[in-house]
Structures are given as C-alpha cells and as structure tokens.
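As the structure is a computational prediction, the values presented were derived from the model and not from experiment.
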Amino acid sequence: MAEKLQGVETIQTFQSGKDALDWAGSHEVNAAFLEMEMPSMHGLRLARELHAINESLGVVFVTASGQFALEAFAVDALGYIIKPYTQED
C-alpha cells in the first residue's frame with residue numbers, strides 16, 4: 001500500500017530494528033512506518049532512536065494493538081493505524 005502513496009520514491013523494509021537503525025544512519029529517511037511489538041526492539045524504542053538520527057522524521061505506527069497509542073504520541077508519532085487497515089487509513 002505504501003507504494004501507492006503520492007511522493008513515495010523509495011521503500012525499504014527491515015526485519016529488525018537494528019537493521020533499520022543501521023540503514024537510517026547512512027541514508028536520508030523521511031518517514032518510518034513501524035510495528036510496535038517486534039522481536040528484537042520495541043517500536044517505541046526504535047522511534048526514539050530514529051528521531052535521535054533525524055529529529056524531523058515522520059513516524060507512523062501500524063500495529064494490531066491499540067494499547068500503546070498514548071505512548072506513541074509521546075514519541076511524536078504522526079499517526080497510529082490499527083491493523084487491518086485500508087489505503088484510506
């Protein structure tokens with residue numbers, strides 16, 4: 001679905017927060033769509049560490065759980081989308 005968004009030029013996907021951080025450390029990243037519960041790193045921690053690399057990074061959480069919504073906005077998330085979702089979401 002992200003490929004259908006206007007203005008999207010490049011999409012990278014990662015299976016771990018560490019891989020995402022490594023890549024973001026040497027590439028320009030404008031937005032990150034993150035899961036909350038990942039095997040190696042919680043999405044909230046990843047968002048904080050990505051913001052340390054790029055303060056203006058837009059973070060949107062896309063997750064099956066609504067339990068972290070308030071915490072997501074405490075790390076300056078632009079959005080919080082609950083799965084399943086539609087293109088309009």
Do the ring planes of His42 and Phe68 sit parallel (below 30°), tilted (30 to 60°) or perpendicular (above 60°)? perpendicular
Measure across Ala72 and Phe61 and return the closest heavy-atom pair with its distance rounded to 0.1 Å. CB-CD1, 3.5 Å
Could you walk me through whether Met41 and Leu21 satisfy the side-chain contact (heavy atoms from CB on, under 4.5 Å) test, starting with their C-alpha distance in whole Å, then the side-chain angles of each, then the deciding distance to 0.1 Å, before giving a yes or no? CA-CA 11 Å; Met41 182 182 301; Leu21 284 171; 3.8 Å; yes
Looking only at heavy atoms, the pair that brings Ser40 and Gly17 closest together is OG-N, 3.7 Å
Could you tell me whether Lys83 atom NZ has more than 12 heavy atoms of other residues or ligands within 6.0 Å of it? yes
If hydrophobic clusters are built by linking Ile, Leu, Val, Met, Phe, Trp and Tyr wherever their side-chain heavy atoms come under 4.5 Å apart, do Leu44 and Leu78 end up in the same one? no
For Tyr80, which of Thr63, Val62, Leu70 qualifies under side chain to side chain contact (heavy atoms under 4.5 Å, CB included)? Thr63
Would you mind writing out the side-chain donor-acceptor pairs for residues 45-59 within the sub-3.5 Å range, not counting sequence neighbours?
| unit_1 | atom_1 | unit_2 | atom_2 | d |
| --- | --- | --- | --- | --- |
| Arg45 | NE | Glu49 | OE2 | 2.7 |
| Arg45 | NH2 | Glu49 | OE2 | 3.4 |
| His51 | ND1 | Ala47 | O | 3.3 |
| His51 | ND1 | Val75 | O | 3.4 |
| His51 | NE2 | Leu57 | O | 3.0 |
| Asn54 | OD1 | Ser56 | N | 3.0 |
| Asn54 | OD1 | Ser56 | OG | 2.9 |
| Asn54 | OD1 | Leu57 | N | 3.4 |
| Asn54 | ND2 | Val29 | O | 2.8 |

Quick note, salt bridge (Lys or Arg N to Asp or Glu O under 4.0 Å) partners involving residues 10-29, not counting sequence neighbours, are Lys18-Asp22
Measure the CE-OG distance between Met36 and Ser65 for me, rounded to the nearest 0.5 Å. 8.0 Å
Are Leu34 and Tyr85 connected in a single hydrophobic cluster, I mean Ile/Leu/Val/Met/Phe/Trp/Tyr linked by side-chain heavy atoms less than 4.5 Å apart? no
